[in-house]
Amino acid sequence: MNRRSFLTTAGAAAVAAAVPGSLASAAASSPLRQPPAGKARFRTGLVAYSYREALQKKTMTYEDLIRIAVETGTDGIDLTVYWLPATTDDVLLPLRRLAYRNRVEIYSIGTRIRLAQRTAELREQQLIELRKWLDVAQKLGATHVRVFGGDLPEGATLEQAIGFAVETMKRGAELAGARGLILGLEDDGGITDFAKETIEIVTRTNSPWAGMNLDIGNFRPPDVYGQIEKSIPYAVSTHVKTEVTLDDGKTAPMDWDRVFRMFAAHGFRGYMGLEYEAAGDPASTVPGYLLRLKELAAKYSA
């Protein structure tokens, strides 16, 4: 798309938003999707969870993540919030300033929100907690907030649990959208063990402010690579793992070239954030993986 075409398209979208009831307005409010297959545009990220032990023990700080991003040429940070010393301005705002001064984007934060709660009261508690983290995301300058489906509630069927998750996700997307933030449902065990259910939650949420935080290493077999490919159209952010579980239950190195080719074929535009969970020491292994990620992002970006 050249500059003239881009400006024409952008102008049409602005008009659509201003004309209630028009077909274009309806399209503008449709659920969030990646652009159709075409030119891909990848950015590299470092997920703070990669250094979970050091962050928990306080032998490493969130400021150190910014330094690592600079040293490896990584574009941004997905800031798992579990080990923040506080959520006050004196903690959050200096971190945002440091990231900006180093031209590292804090593009996402990860929360402990679990959507599939059996009762209305429990779902409301999760939304109250979500509001807190949406405020934190805004103060850090992040535009994406990660949430989880959660485990199957006791006594509930999978179908019922998906319904609970959809209800919470819809309300959460309204809260996020009011702040200009995107809510990403991560596939991470429980009711999101497989692509089918994760995609169903996202599509039934039916919001332009909701999508999938696609973790390529979290789907259970069989056919993990096939599940990844089915999920790409719904992905608003991505976690890249170094290992994959094969159909026979064995673990093997994740084929990053294959993964990037799939994302590129779908015209994906977004972050590919390394989340290192393998057995090696992240201090010595993560920088090398980030450099490899940078190579592939450049190779497969248009």
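Because only heavy atoms are used, hydrogens play no part in the values below, and waters and symmetry mates are left out as well, while side chains stay in.
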Discussion item. Do the side chains of D257 and R292 get close enough for a salt bridge, i.e. N-O under 4.0 angstrom?
Written reply: yes

Practice prompt. Decide whether a cation-pi geometry holds between R43 and Y107; the criteria are a distance under 6.0 Å from NZ or CZ to the six-membered ring centre and an angle within 45° of the ring axis.
Written response: no

Worksheet item: With no hydrogens and no angle check, is any side-chain donor or acceptor of R146 less than 3.5 Å from a backbone partner on L185?
Response: no

Response to the item:
The reported gap from CG in L130 to CE in M169 (rounded to nearest 0.5 angstrom) is 10.0 Å

Discussion item. Has D64 got a side-chain atom pairing as donor or acceptor with T61's backbone, closer than 3.5 angstrom?
Written reply: yes

Discussion item. Tell me whether the rings of Y82 and Y49 are parallel (<30°), tilted (30 to 60°) or perpendicular (>60°).
Written reply: perpendicular

Item to complete: Verify, without hydrogens or angle tests, whether R114 (side chain) and R112 (backbone) share a donor-acceptor contact under 3.5 angstrom.
Response: yes

Practice prompt. State whether the side chain of S50 and the backbone N or O of L274 hold a donor-acceptor pair below 3.5 Å, judged by distance alone.
Written response: yes

Worksheet item: Any side-chain heavy atom of F164 sitting closer than 4.5 Å to one from L122?
Response: no

Discussion item. Under 3.5 Å, is there a donor on one side chain and an acceptor on the other for N218 and H239?
Written reply: no

Worksheet item: Does CZ belonging to R204 count more than 12 external heavy atoms closer than 6.0 Å?
Response: yes

Worksheet entry | Among L214, T245, T192, side-chain contact (heavy atoms from CB on, under 4.5 Å) partner for F219 | L214

Item to complete: Could you tell me whether the side chain of Q227 and the main chain of P222 form a donor-acceptor pair under 3.5 Å?
Response: yes

Worksheet item: Are there more than 12 heavy atoms of other residues, nucleotides or ligands under 6.0 Å from atom OH of Y100?
Response: no

Discussion item. If we check side-chain contact (heavy atoms from CB on, under 4.5 Å) with T205, which of these qualifies: K170, R171, E200?
Written reply: K170

Discussion item. Under a 3.5 Å cutoff, is there a donor and acceptor pairing between the side chains of E159 and T157?
Written reply: no

Item to complete: Measure the acute angle between the ring planes of Y276 and Y289, then classify it against the limits of 30° and 60° as parallel, tilted or perpendicular.
Response: tilted

Practice prompt. Please answer whether the main-chain N or O of L291 pairs with a side-chain N or O of T72 as donor and acceptor at a distance below 3.5 Å.
Written response: no

Worksheet item: What distance separates I232 CD1 from M262 CE, expressed to the nearest 0.5 Å?
Response: 5.0 Å

Worksheet item: With respect to D187, which candidate in I201, I228, D215 satisfies the side-chain contact (heavy atoms from CB on, under 4.5 Å) definition?
Response: D215

Discussion item. Are the side chains of L79 and L95 in contact, using a 4.5 Å heavy-atom criterion?
Written reply: yes

